[in-house]
Amino acid sequence: MTATAVVGLQWGDEAKGKIVDLLTSEHDIVVRYQGGNNAGHTVKFDGQTYKLSLLPAGILRDGITSVVATGVVINPKAFLAELDGIVSRRGPVAPERFKVSDRAHVIFPYHLAEEAVLENSRQAEKIGTTMRGIGTCYREKAGRTHAIRIGDLLYPDLLRSRLHEIVAFKNQMLAALAPEFQPFDADAIFAEYLTYTERLKPYICDTTAFLHHAIADKKRLLFEGAQGSLLDLDHGTFPYVTSSSSSGCGIHSGSGVPERTISRMIGIVKAYTTRVGGGPFPTELNNEIGQHIRDVGHEYGTVTGRPRRCGWFDSVAAGYGARISGIDCLAVMLLDVLSGLEELKVCEAYEIDGERTTDFPSHVERLAQVQPVYRTLPGWKCEISHIRKVADLPANARRYVDTIAELLNSRVEIISVGPDREQTILG
Ligand code: IMP
């Protein structure tokens with residue numbers, strides 16, 4: 001049992017990419033199991049910065065096999081553009097070291113059009129999606145009627161007839177909802193996707209069987225989560241979530257690998273909290289401290305460039321994420337961003353209807369009503385990005401990390417004090 005999983009415990013963007021990259025060399029296979037090109041991972045490797053969205057971080061390393069498993073939704077155009085970017089900088093990617101699930105679902109242009117109509121039609125606060133057709137593709141998967149999987153691309157006659165049926169339906173539906181809508185041409189989409197298929201074909205396979213064989217052969221697996229536990233479709237802050245199982249719960253369903261294979265589940269948290277898009281955020285800082293964190297932490301979306309909402313560390317929210325995902329230890333990221341602040345607050349409980357609780361509300365209306373109960377801690381003035389040992393951290397920084405560990409009832413194994421690989425403290 002030598003599988004490791006890296007899972008975000010907040011609302012995504014916890015800097016999981018850096019940890020995945022750090023751990024990759026200790027593994028044989030890196031598996032992405034949910035989400036799509038809504039995700040953004042920034043990885044610094046060989047002195048260069050790579051922005052990955054759909055491809056697992058393992059793609060940057062020779063000798064590692066990367067798997068895009070069944071639970072992922074794939075926009076082939078975006079996928080190939082990202083692959084081309086890697087190939088131009090690092091050379092060809094052989095099919096032996098890159099596998100794409102034939103069971104994964106395919107994003108088509110009508111999914112993006114449908115998402116725009118749905119988001120704009122919402123009377124309540126917008127979900128604030130990335131507009132990549134993620135939710136509409138997963139909706140198709142659950143609905144089945146109009147779903148197309150990667151494996152279907154290998155049967156051109158089947159694909160053509162499916163597209164004719166689906167596109168006719170989508171054109172009717174979208175024209176009724178959005179008068180300015182320009183109808184899609186099924187033959188044009190078919191021709192476009194055939195060219196993608198030619199390029200994807202060498203990588204397409206039954207990744208579930210591949211992973212089962214790999215486990216039998218004692219290969220070491222690393223599961224790379226996208227987004228975070230609080231964006232999980234079932235367990236997150238619904239409806240302000242993504243459409244996949246983005247907590248640890250998604251590993252089993254998204255890869256076909258049983259959860260008990262995982263011997264080390266690493267929960268990733270930022271030293272503060274961010275979120276992109278709509279929805280309640282109890283510890284949000286709409287003030288100069290929030291702006292300071294945004295500026296110092298470069299808190300702007302990797303995929304959409306949107307400014308991220310910033311706030312204090314929320315142990316009720318992250319603790320809930322940790323319990324859903326079932327973590328063994330923590331990695332605390334971006335601790336250096338908090339350097340220089342006079343004092344820091346950590347939310348240790350919520351107060352609602354005069355009651356104090358550490359349970360995370362199941363309804364967003366209730367989450368919107370909570371009052372965070374803060375523990376105030378002294379800040380540290382000095383730079384910490386050069387520090388490599390826990391003992392060398394300022395006492396107040398150690399106290400801050402210990403507080404997170406205490407409130408999340410876990411131990412901190414990794415502290416990140418900068419974007420580079422070396423800017424890491426192993427606890
Ligand atoms: P969707 O995944 O594009 O459907 O967007 C749904 C919600 O998830 C929105 O609030 C997005 O901002 C958020 N989201 C999706 N992907 C990410 C991510 O990688 N990091 C942070 N938030 C994300």
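What you see below is based on every heavy atom in this structure, not just the backbone, and it leaves out hydrogens, waters and symmetry mates. Order of listing sets the numbers, starting from 1, for every ligand and every atom in it.
Applying the 6.0 Å contact sphere to CD of Q48 captures more than 12 heavy atoms from other residues, nucleotides or ligands.
Applying the salt bridge (Lys or Arg N to Asp or Glu O under 4.0 Å) test to pairs two or more places apart or on separate chains, those with a residue in residues 261-283 are R264-E413, K270-E299. For residues 283-297, the set of pairs meeting the salt bridge (Lys or Arg N to Asp or Glu O under 4.0 Å) definition, not counting sequence neighbours, comprises E284-R309.
The closest side-chain donor-acceptor pair between S247 and S229, if any, does not fall under 3.5 angstrom. Between the side chains of Y350 and D314, at least one donor N or O sits under 3.5 Å from an acceptor N or O.
Every side-chain contact (heavy atoms from CB on, under 4.5 Å) that E351 has, sequence neighbours left out, goes to Q371, V373.
For ligand 1, residues of the protein lying within 4.0 angstrom by heavy-atom distance are W11, D13, N38, A39, G40, I127, G128, T129, T130, Q227, L231, V241, T242, V276, G277, R306.
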